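I have placed the structure first, in the form of structure tokens, so that the comments after it can refer back to it.
Residue numbers begin at 1 in each chain, while the letters A, B, ... track the order of the sequences. Everything numeric here is computed off the predicted structure, so don't read it as measured data.
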Amino acid sequence: MSELYLFDTYERQVRQFQPLEAGKVGLYCCGPTVYNYAHIGNLRTYIFEDLLYRALKMNGYEVNFVMNITDVGHLTSDADSGEDKMEVGSKRTGMTAWQMADFYTQAFQKDLKRLNINFPDTWCRATDHIKEQIEFIEDLEKKGFTYQTSDGIYFDSRKLSSYGQLARLDIEGLMAGARVDNERQHVTDFALWKFSPADEQRQMEWPSPWGTGFPGWHIECSAMSAKYLGDYFDIHCGGEDHIPIHHTNEIAQTEASRGTRLANFWMHGYFLQLDNAKMSKSAVFLTLDRLIEKGIDPGVYRYFCLTAHYRTQMSFTWSSLEANGVALKRLYQAAYDWGAPGTLLDEYMARFNACINDDLNLPRALAVTWDLIRSNEEPSAKKATILAFDQIFGLDIANYQPQVVEIPADIQKLAEARAVARKEKNWPLSDELRDTALAAGYIIEDTREGWQIKKQ
RNA sequence: GGACGGAUAGCCAAGCGGUUAGGCAGUGGACUGCAACUCCAUUUAGACGAGUUCGACUCUCGUUCCGUCCUCCA
């Protein structure tokens, strides 16, 4: 087995992965803010994280996988102004913020299941960890990294010389165009705790040493990852949009409080683009449900994501999705036709592992797979090998069954009549019968053994 | 306006300083009464302009465009 190499955003290079503790990996992935359905762009990131999880397992690591659910405190603007997304979503849906969080958490988990994405070992909700977050802020306060304004407790980013290293932020550049809005002292300062408005009862608020309110968005990840994985763990993942703000601030908090940069590796999934724009800003908000309504199997979307490297922005088009649906169907059918699995093909396994361990190069791994499909190896060996590949792909190749269609009696009769016509070499009648069946939605095909009927 | 990334054939999308990525579509062929399915083969690249090099899709610089984040204006 080749060594595992992964791209680390912090170092901006591919590095050999070495666990902090032999044989074990602590993995933290930023989960959803549950105020709406996940769109397929969000889901691409979770597929990437699942591939990483599977690759770590393939390399023999015991993985402790933690994912948070942000159910409070994520403002509509990342500049720590604007309304809480949860409160906004609550007004939109008519549910309470608590009901809505539960509703969208379940919708999210259903999407993960349908995409064959492994669940984390630990789910952690921000609202279940208010105490930990308050303690974290208290520690930052004690160490002199906070200041208070009329609307909350803020992190003083100037106290940290390394601030912004992850994103290679140019602080001077940011300052040049900085908006002096509230009492925030510096562009890169951010809220740790926000006070409830004096004239308003929020649905989600808690007492704290500084007054009633709710935690800032970034503190939950520092506090909860520390609780479940420790102050310095192996890998932290999220979407590329988290690099400049969210992850930068998580690192700042943890460096200030614990003196570590939180994670050894920082990995980011890149956006799915729709019409050359980030999906969430597009007029079209595509969910997995929408794909299913259009007759597209969730597995097709998963396969579609495998065709691009996780670190490149990928263009979504219906035609490319459908093209990959055709490819996946051929892959499934080929594997199905190979029958029972036999012995692994070492050469293909080695090539496959090399692709996966080269920073999760799934497109290359698929190329190896198509080599395997077109090769002249023993079917049983090919089957065993592709099933091993599927430990990473997660396409559930083992359970694929060709679609069994109920053939109506009249269609059966058409096919039988056509067989007779063909025997008599009555081609016009034969073609007419086939066309009639086609008009009813059934395709009659000739095989060596006779005819077979497929649904259109 | 700033920082950070990107630009590959009809579409999606990889690796690589010289030697086939892959998939889908298309084209040619085998099979078929004709098709379909399947199989075999195969055309079309590297945003633009310079530079480095024996050789650049790959490295450097500039330009244009796209994305993310920040900001400004409206």
Worksheet item: How would you label the contact of A:W370 with the nucleic acid (heavy atoms, under 4.0 Å): base, sugar-phosphate, or nothing?
Response: sugar-phosphate
Worksheet item: How are the rings of A:F389 and A:F352 set to each other: parallel, tilted or perpendicular (split at 30° and 60°)?
Response: parallel
Worksheet item: Measuring from A:H218:NE2 to A:T248:OG1, what's the distance to the nearest 0.5 Å?
Response: 9.5 Å
Item to complete: State, with a plain yes or no, whether a side-chain heavy atom of A:I373 is found less than 4.5 Å away from one of A:W338.
Response: yes
Fill in: Spacing between A:L433 atom CG and B:C34 atom P, to the nearest angstrom
19 Å
Discussion item. Strictly below 4.0 Å, N to O, side chains only: are A:E11 and A:R261 in salt-bridge contact?
Written reply: yes
Discussion item. Between B:U20 and B:C61, how far apart are the two P atoms, rounded to whole Å?
Written reply: 30 Å
Worksheet item: Can you give one letter per nucleotide of nucleotides 9-20 of chain B, going 5' to 3': B for a protein heavy atom under 4.0 Å from the base, S for sugar-phosphate only, - for none?
Response: --SSSBS-----
Practice prompt. Check the distance between B:G67's P and A:L272's CG and give it to me in whole angstrom.
Written response: 14 Å
Worksheet item: Mind checking the C1' distance from B:C16 to B:C69? Whole angstroms is fine.
Response: 32 Å
Worksheet item: What class does the angle between the rings of A:Y46 and A:F108 fall in, given that below 30° is parallel, 30 to 60° is tilted and above 60° is perpendicular?
Response: perpendicular
Worksheet item: Of A:D371 and A:P428, whose nearest nucleotide on RNA chain B comes first from the 5' end?
Response: A:D371
Worksheet item: In whole Å, what separates the P atom of B:U19 from that of B:G6?
Response: 24 Å
Worksheet entry | Rounded distance in Å - NE2 (A:H268) to P (B:C69) | 13 Å
Discussion item. Protein within reach of the bases, or only the backbone? For nucleotides 35-47 of chain B, mark each nucleotide 5' to 3' as B, S or -, using heavy atoms under 4.0 Å.
Written reply: BBSSS--------
Discussion item. Please identify which of these residues, A:Y5, A:F7, A:Y61, meets the ring pair (Phe, Tyr, Trp, His ring centres under 6.0 Å) condition with A:F17.
Written reply: A:Y61
Worksheet item: On a whole-Å scale, what distance lies between the P atoms belonging to B:A50 and B:U58?
Response: 14 Å
Fill in: A:A340 backbone acceptor or donor facing A:K383 side chain under 3.5 Å
no
Worksheet item: Whole-Å distance between B:G6 C1' and A:F7 CZ?
Response: 13 Å
Worksheet item: Is the A:H242 ring parallel, tilted or perpendicular to the A:H246 ring (thresholds 30°, 60°)?
Response: perpendicular
Worksheet entry | Atom-pair distance (NE2 on A:H186; P on B:C70), nearest Å | 15 Å
Worksheet item: Quantified in whole Å, what is the C1' atom distance between nucleotide B:U42 and nucleotide B:A47?
Response: 28 Å
Practice prompt. Please map the stems of RNA chain B, keeping only stretches of three or more Watson-Crick or G-U wobble pairs with both distances under 3.5 angstrom.
Written response: B:1-7 with B:64-70, B:10-12 with B:22-24, B:26-30 with B:38-42, B:47-51 with B:59-63
Practice prompt. Please measure how far the P atom in B:G23 lies from the corresponding atom in B:A41, and state the result in whole Å.
Written response: 11 Å
Worksheet entry | Side-chain donor or acceptor of A:T146 paired with backbone N/O of A:I153 under 3.5 Å | no
Worksheet item: Going by heavy atoms in the side chains, are A:R351 and A:L345 under 4.5 Å from each other?
Response: no
Response to the item:
Here the distance between atom P of B:U32 and atom CH2 of A:W427, to the nearest Å, is 12 Å
Worksheet item: B:A21, B:C69, B:C24: which one has an atom nearest the side-chain heavy atoms of A:I245?
Response: B:C69
Item to complete: Between B:G26 and B:A36, how far apart are the P atoms? Round to whole Å, please.
Response: 10 Å
Item to complete: Please tell me if the side chains of A:D50 and A:R302 come closer than 4.5 Å, counting only heavy atoms from C-beta onward.
Response: yes
Discussion item. Between A:Y442 and A:P408, is there a side-chain heavy-atom distance shorter than 4.5 Å?
Written reply: yes
Item to complete: Could you tell me the separation between the CG atom of A:D8 and the P atom of B:G5, rounded to a whole number of Å?
Response: 14 Å
Item to complete: Any chance you could lay out the side chain to side chain contact (heavy atoms under 4.5 Å, CB included) test for A:L192 and A:Q253, step after step, and finish with the verdict?
Response: CA-CA 9 Å; A:L192 295 164; A:Q253 292 165 158; 3.4 Å; yes
Discussion item. Tell me the interatomic distance from A:L362, atom CG, to B:A21, atom C1', rounded to whole angstroms.
Written reply: 15 Å
Fill in: C1' spacing across the pair B:G10 / B:G46, given as an integer number of angstrom
16 Å
